[in-house]
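One structure is given below, encoded as C-alpha cells.
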Amino acid sequence: MSMDSIVSLCKRRGFLFQSSEIYGGLQGFWDYGPLGVELKRNVKEAWWSDMVTAHDDMSTLAGAPSPYAMEGLDCTIIMHPQVWKCSGHYDLFHDFMVDCRETKKRYRHDQLNGRWVEAKGNKIFVTAPASDEEQGHMTKRALKFFNLRNKHIDDLKWEGESTCLTEMTSFEEVLGPDAKTLGTLTEPREFNLMFKTYVGALSGEEGAAYLRPETAQGIFVNFKNVLDSTRHRLPLGIAQIGKSFRNEITPRNFTFRSREFEQMEIEFFCHPDQSKDWYMYWRDRRLKWYHEMGIDSGNLIMREHSPKELAHYSIGTADIEYAFPFMAEGEYGELEGVSHRGDFDLRSHMEGKLDEKSNPLTLQLGDDGKPKWKGSGKDLNYRDDLTNDKYTPHVIEPSAGADRATLAFLCEAYTVDQQPDDKGKMQERIVMKLHPRLAPIKAAILPLVKKDGMPELSKEIYLDLKKHFNVFYDEKGAVGRRYRRSDEAGTPYCITVDGQTLEDKTVTIRERDTTEQSRIKIDECEQVIRDRINNG
RNA sequence: GCGGGUGUAGCUCAAUGGUAGAGCUCCAGCCUUCCAAGCUGAUUGUGAGGGUUCGAUUCCCUUCACCCGCUCCA
C-alpha cells in the first residue's frame, strides 16, 4: 500500500487538503476537509474522554501505583516570552547555522569540529561533523586539500586538539567539511524554529513574543492555579489539547511534520519516589490506547531511548512509533513521546532556567556569572497536607501529536479487498476500516430504491438518528454504489430501507468490514448503533 | 538547505509550437428491490509569473508545491 493512494483518497473524499491550495499551497500547512475534521475531532474526543472526563479516579487502574485525578486546561498560544526562556526552547530553538558558499550545504555551528593542520608551508583549520570518526575525515580532507598521497600522511603537522567551530572567530583559514577551497563558510546565522510575532501596536523588540512550540509549558505555569482551584492531592494529571507551531526547516511526509500542528499532552505530577512507577504506567497505558483505537500491534512499537539520548535528569523516555507507509521498511515515525521529566520544568519556572546537562540540576549561568534566565520566583512546590511532606513534584509527560495520530489511523484504516459486484464477479474495493468511535460518519441511511415511499421513510429515520450521531442520507444511484461510497468514507454501518420495511418496520444494518447484513427494528437503530460503536 | 524527479479535469493518465483527449468519479434524467450494472445528457483542466514567438500547455528563465535521496528532526 502506497502513501500516494492514501493522499489521493484524502483529497478525493475530503479528509485532507493542502492549505491555500488555490494559491499553490504552503509548505508544512494542511487543512482538514469535511470528513477529516470529523475524524480528527473524534480522535481528540476519544483521547480527552479516555484520559480525562471518563477517567476512573476512584480505582487503582491496572499497572498504576494508586488512583489519580485528571483535569483539563486550555491555555493561550502566545505566552509571556520568559516562559520559553526558562523552558529552554528559546535557546534550543535558536540554532546557529553556517552555510557553505561553495557546496551550498548547511551545518549546525555547534556540531562542526576542526583542528589546525600544517603542510607545504600552509596552515589551515580543517573541519568535519563532530563524531567518533572526525579525525579520519579531517585527515582525508587535509590530504586532499594539500594534494598529498596517503603515504605522505606524515607530512601533515597537526596542532592542538579537535575543537568546536564555535571557538573560531574568523573563518578565513577554515576548510568547510565538504569544500575544496578555504573560507567558504558564512558567518553563523540564527535559525529560529519558533514563530515570532509582536504583541501590541509597536513592532519593537520589547513586544516580541512567540507562538508556542508545545502546549506543555502552559500546564507547568498553571500548575499551582489548577491545584488551588480543584483541591486535588497528588498524583494529578493535567491535560491539554491545542495548536503548536514550529518553523520546521524541512516539512515532509504529508501532515507528519507540519509547521502548525495540534498536540494532546498530559503533564502528570507525582511524588519523586513514585515517578518511575508512574512512568512505566503511562508508557503502557498510552501504547494500549492506540491498540484500543484499532492500530494493529504489528505496526506499532515502543522505542525506549538509550541512556545516551536521555537528558541527565530523566529516568526514561519512550517513543510510541508507527510504521507509516512513507517510512523505509523497518523504520517508524513518532506518534507520541512519553518522558520522565523529573522536576526540571517546575524548578526552572521557580528558580530560573536550569542547565539540563547538569546532574544534579543546577541553575544555568550566563557569561556574566548571573542566572542566564530568571525564573518566576513563585513557589511551585507541593505540600501534602496529610503527611506535611513538601516537595517539588516530578513530572511524567505523555505528549501526543493529534495530526500524527489522525494520519496513523488513516494509514491503518486504508484497506483494499475484493467484493462481488451485482453479477458475482469479484471487484476491488477500497474501504477505510476506521474504528467506529473514530469514523467521521457513523451510519448511512439508504432507501433501497428511490420509490414506493422508501425515501420518505428513510428521511424520517435519518432525521431521527441525526439527533444522536453524525449520519448521512444517500438516495443517488444503485445501492451497491452507495455502499462502496460509504465504505471509502469509513462509515461503519449502513441502514437500508427496503420493501419489507414498509410492511414490518424493520431495516437492514450492514457492517462495513464484512458487508454482512442483519435485520433490526427501526426503533432499535439508535441503541444498536450506539452499542456497536462502543464495543467496536 | 543541497541533488534528482514531477506538476494537464475531482481521481488515474494521454497528446501537442496552431481549437487539449480517455477511463473512472461527480451531476441531471430514465431504468433499477441489496453491493461501483445499463441508457441518455451535462459540467470541469495545462500550479503561478515572466520571456522567446504571429501563436506557448509544449522551448527558456524565475517562483511555488509535491515525491525520492542527503541534511535536519525539539
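Note that these values count all heavy atoms, side chains included, but never hydrogens, waters or copies made by symmetry.
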Exercise. Sticking with atom P, work out how far G1(B) lies from C72(B), rounded to a whole angstrom.
Key: 16 Å
Quiz prompt | Atom P, compared across U62(B) and C67(B): separation rounded to whole Å | solution = 23 Å
Quiz prompt | Residue-phosphate contact under 4.0 Å: Gln27(A) side-chain N/O, C66(B) OP1/OP2 | solution = yes
Quiz item: What is the distance from CG of Leu112(A) to P of U71(B), rounded to the nearest Å?
Solution: 14 Å
Quiz item: Rounded to the nearest 0.5 Å, what separation is found between the CG atom of Asp498(A) and the CD atom of Gln517(A)?
Solution: 8.5 Å
Self-check item: Euclidean distance, atom NZ of residue Lys450(A) to atom P of G29(B) [Å, nearest integer]
Solution: 6 Å
Self-check item: Pairing partner of G7(B) (Watson-Crick or G-U wobble, both distances under 3.5 Å)
Solution: C64(B)
Quiz prompt | Out of G10(B), C68(B), A65(B), whichever nucleotide has its closest atom nearest the side chain of Phe326(A) | solution = C68(B)
Exercise. Choose from C66(B), C35(B), U33(B) the nucleotide whose nearest atom is closest to any side-chain atom of Leu448(A).
Key: U33(B)
Self-check item: Distance in angstrom units between Asp474(A) CG and C34(B) P, rounded
Solution: 17 Å
Quiz item: Which part of the nucleic acid does Gln500(A) contact within heavy-atom distance under 4.0 Å: base, sugar-phosphate only, or nothing?
Solution: nothing
Quiz item: What integer number of Å spans the C1' atoms of A20(B) and U8(B)?
Solution: 8 Å
Self-check item: Below 4.0 Å: OP1/OP2 of C26(B) and any side-chain N or O of Arg485(A)
Solution: yes
Self-check item: 5′-ward residue of the pair Glu214(A)/Val479(A) relative to RNA chain B
Solution: Val479(A)
Quiz item: Do Glu267(A) and Arg341(A) sit within salt-bridge range, that is, some charged N less than 4.0 Å from a carboxylate O?
Solution: no
Quiz item: Counting only side-chain N and O atoms of Asn253(A), is one of them less than 4.0 Å from OP1 or OP2 of C73(B)?
Solution: no
Quiz item: Can a donor-acceptor pair under 3.5 Å be found between the side-chain atoms of Glu334(A) and the base atoms of C73(B)?
Solution: no
Quiz prompt | Side-chain N or O of Lys11(A) closer than 4.0 Å to phosphate OP1/OP2 of C11(B) | solution = yes
Practice problem: Sticking with atom P, work out how far U12(B) lies from G7(B), rounded to a whole angstrom. | Solution: 12 Å
Exercise. Can you figure out which of C68(B), C34(B), U33(B) approaches the side chain of Thr496(A) most closely?
Key: C34(B)
Quiz prompt | U44(B): pairing nucleotide in any strand, Watson-Crick or G-U under 3.5 angstrom | solution = none
Self-check item: Mate of G69(B) where both pairing distances stay under 3.5 Å, Watson-Crick or G-U
Solution: C2(B)
Quiz prompt | Spacing between Arg481(A) atom CZ and C34(B) atom P, to the nearest angstrom | solution = 16 Å
Quiz item: Between Asp417(A) and Thr415(A), is any side-chain donor less than 3.5 angstrom from a side-chain acceptor?
Solution: no
Quiz item: How many Å lie between CD on Glu428(A) and C1' on G23(B), as a whole number?
Solution: 15 Å
Exercise. Please tell me which of Arg484(A) and Gly477(A) maps to the more 5' nucleotide of RNA chain B, matching each residue to the nucleotide holding its nearest heavy atom.
Key: Gly477(A)
Quiz item: Looking only at N and O atoms, is any donor in the side chain of Tyr483(A) or the base of C34(B) less than 3.5 Å from an acceptor on the other one?
Solution: yes
Quiz item: Which nucleotide sits closest to the side chain of Gln427(A): A65(B), A36(B), U33(B)?
Solution: A36(B)
Practice problem: Look at the side chain of Arg484(A) and the backbone N and O of Arg429(A), then say whether any donor-acceptor pair between them is shorter than 3.5 Å. | Solution: no
Self-check item: Complementary nucleotide for U58(B) - Watson-Crick or wobble, under 3.5 Å
Solution: none
Quiz prompt | Six-ring centre of Tyr483(A), Arg510(A) cation under 6.0 angstrom, axis tolerance 45° | solution = yes
Self-check item: Ion pair Glu334(A)/Arg303(A), N-O distance below 4.0 Å
Solution: no
Exercise. Could you tell me whether the side chain of Arg252(A) has a donor or acceptor atom within less than 3.5 Å of a complementary atom in the base of G69(B)?
Key: yes
